[in-house]
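Letters go in sequence order (proteins before strands), and every chain restarts at 1. We use all heavy atoms of the structure for the numbers below, so side chains are in, but hydrogens, waters and symmetry mates are not.
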2 protein chains.
Amino acid sequence: MCQLLGMNCNTPTDIGFSFAGFRQRGGATDHHEDGFGIAFFERNPNGKIGLRQFHDDKPSHLSPVADLVNHYPIKAMNVIAHIRKATTGENSLANTHPFVREVWGEQWAFAHNGQMTDSFIRRTERLIANGNAEHYAPVGDTDSELAFCYLLNRLKATFKTRPSDEALFAFLTAQCRYLSANGLFNCLISNGNWQLAYAGSLLFYLTRQAPFGEAKLSDGEMSVNFKDVTTDKDKVTVLVTIPLTDNETWQQLAVDECVIFQDGDVVFKDTPSKKTYLSIEEGIALARSVGASV
Amino acid sequence: MCQLLGMNCNTPTDIGFSFAGFRQRGGATDHHEDGFGIAFFERNPNGKIGLRQFHDDKPSHLSPVADLVNHYPIKAMNVIAHIRKATTGENSLANTHPFVREVWGEQWAFAHNGQMTDSFIRRTERLIANGNAEHYAPVGDTDSELAFCYLLNRLKATFKTRPSDEALFAFLTAQCRYLSANGLFNCLISNGNWQLAYAGSLLFYLTRQAPFGEAKLSDGEMSVNFKDVTTDKDKVTVLVTIPLTDNETWQQLAVDECVIFQDGDVVFKDTPSKKTYLSIEEGIALARSVGASV
């Protein structure tokens with residue numbers, strides 16, 4: 001279901017411009033009107049990362065909570081946002097992404113676009129009902145939160161303590177591949193330091209850095225010249241289901257590609273040997289065919 | 001450290017009036033200006049409970065996030081709010097109560113007022129460093145989140161699956177008593193259905209029900225006649241460190257008393273055989289003597 005927006009940067013950055021376009025798709029320029037959520041990982045002056053989340057079950061284009069997010073400049077290192085078109089699980093706060101769980105003393109945020117298969121849902125629900133969800137269990141009733149809990153339970157069952165980034169990233173890629181083999185699975189995951197992007201169908205990114213230029217939203221009349229609001233050292237990567245601007249070049253993730261960003265840079269990439277890219281129309285058609293929505 | 005505000009009701013209720021007074025203590029009428037947080041457990045039309053949280057590291061009396069909370073009427077079944085005066089752990093989002101963890105597919109929110117002893121902190125940090133925090137570990141560096149993780153790790157180690165309410169409430173009382181023996185420990189805990197209140201020193205509550213009357217805030221010029229905004233069936237319990245109104249009768253919890261509320265009613269109570277009540281002045285003096293603040 002729905003659409004994803006992510007940001008990963010090397011300096012605290014206000015996502016206001018991207019969010020201003022993205023939220024229009026929640027009921028104004030598109031039909032993802034069953035609530036929204038946004039998670040900000042912020043770094044305080046001493047370098048400590050904290051998380052704050054905003055959720056609403058109102059459509060994002062007119063939600064007062066989304067208004068606050070737009071008007072209260074929150075400078076974050078990592079952001080994950082999601083607008084929802086309900087498919088599995090009714091419209092309720094408990095079903096609103098991003099979902100958050102604490103892992104080894106870190107907050108992990110997760111948002112999903114797609115649809116897990118019925119057999120995955122039944123199998124995983126049975127595992128949890130039989131007491132095999134020692135660590136994490138879903139609160140709401142979406143296939144997405146179920147997939148997140150599945151992934152985290154596998155993670156904790158495999159590693160007693162935090163492994164190296166190398167081992168962790170390889171493990172997460174393998175788990176995303178498994179989930180993608182059991183449904184339509186695009187996701188963003190962040191622990192506040194890095195952000196993982198996995199494309200089951202459609203996912204694009206863009207890294208803005210010096211020399212900065214002008215950007216113009218596809219979903220509104222807004223434009224910004226990033227030269228006026230940045231320094232030469234800034235590096236800001238924006239991730240999104242469907243590009244937000246039409247005068248910049250967005251890079252597409254291949255189907256089943258996993259890319260991890262840190263400080264705005266790609267720090268890990270795992271690409272299938274045979275690269276496939278869907279057009280936006282193909283991605284939307286694929287989502288519709290499995291009962292999801294893009 | 002700091003001050004607690006809770007609400008438990010039998011019908012979705014807007015905490016706006018109480019919060020309007022409470023937030024003034026975060027920098028205007030009192031000095032708890034190191035951020036605030038509020039967690040709302042809301043029930044959707046199908047009876048499903050969802051949680052949303054608002055946190056800010058700005059003082060609550062002037063925070064734009066607190067403004068939103070005041071102006072956007074959120075009707076909740078359970079609320080836990082906290083204003084912070086930093087003692088252990090700097091002012092940062094990661095140190096802002098309420099802390100939330102998922103337990104058996106439920107969101108549990110926790111806020112603490114007090115100060116754990118150095119020996120409890122050292123002992124528990126060592127347990128966690130040695131891999132004995134299989135389930136929960138703190139994200140920030142407050143003694144409060146450490147105490148919450150301690151309690152939840154004990155809970156999961158003791159019960160593989162959710163026990164009966166009777167067994168659960170007895171267990172939680174015993175854990176709160178242990179924590180109270182290892183520091184100054186006032187807390188509120190809610191899973192969205194019930195709300196637990198434990199008084200280590202100061203905690204008051206008030207149940208508003210028919211016939212409703214007028215209430216007047218101690219921290220501002222505001223008053224409300226609840227007759228105008230309620231039905232005869234409504235039952236709303238408000239919990240707070242220091243009473244919010246001066247024309248109503250607040251009930252005080254005895255030191256080391258544990259009371260659990262559901263639908264606005266007391267459903268469980270465990271009172272020490274020898275009841276002690278501190279005056280507000282004694283409670284403030286006790287908090288100061290252990291380096292906490294009220």
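Taking the six-membered ring for Trp and thresholds of 30 and 60 degrees, B:F159 and B:W104 have ring planes more than 60 degrees apart, a perpendicular arrangement. Ring orientation note: the planes of A:Y178 and A:Y150 are close to parallel, at an angle under 30° on the 30°/60° scale. Taking the six-membered ring for Trp and thresholds of 30 and 60 degrees, A:W194 and A:W108 have ring planes more than 60 degrees apart, a perpendicular arrangement.
Within the 4.5 angstrom heavy-atom criterion, atoms from both the backbone and the side chain of A:S92 approach chain B. Looking at A:E106, the atoms closer than 4.5 Å to chain B (heavy atoms on both sides) all sit in the backbone: N, CA, C or O. When heavy atoms are compared at a cutoff of 4.5 Å, A:I49 approaches chain B solely by way of its backbone atoms N, CA, C and O. Heavy-atom distances place the backbone of B:N91, and not its side chain, under 4.5 Å from chain A.
Contact count versus chain A (heavy atoms, under 4.5 Å) is highest, among B:R101, B:Q107, B:Q53, B:E42, for B:R101. Interface remark: of the candidates B:A94, B:G50, B:P64, B:P64 forms the most heavy-atom pairs closer than 4.5 Å to chain A. In terms of heavy-atom pairs under 4.5 angstrom with chain A, the leader among B:E145, B:K160, B:H55 is B:H55. By number of non-hydrogen pairs under 4.5 angstrom with chain A, the leading residue of B:V65, B:I74, B:L51 is B:V65. Your options are B:D67, B:T96, B:D141, and the one with the most heavy-atom pairs under 4.5 Å with chain A is B:D141.
Of the possible donor and acceptor atoms, one in the side chain of B:K156 sits under 3.5 Å from a partner among the backbone N and O of A:H135. The backbone N or O of A:F41 lies less than 3.5 Å from no partner atom in the side chain of A:N78, so there is not a single donor-acceptor pair.
A:D57 and A:R84 are not joined by a salt bridge, as no carboxylate oxygen comes within less than 4.0 angstrom of a charged side-chain nitrogen. Remark: A:D56 engages B:R52 in a salt bridge, criterion side-chain N to carboxylate O under 4.0 Å.
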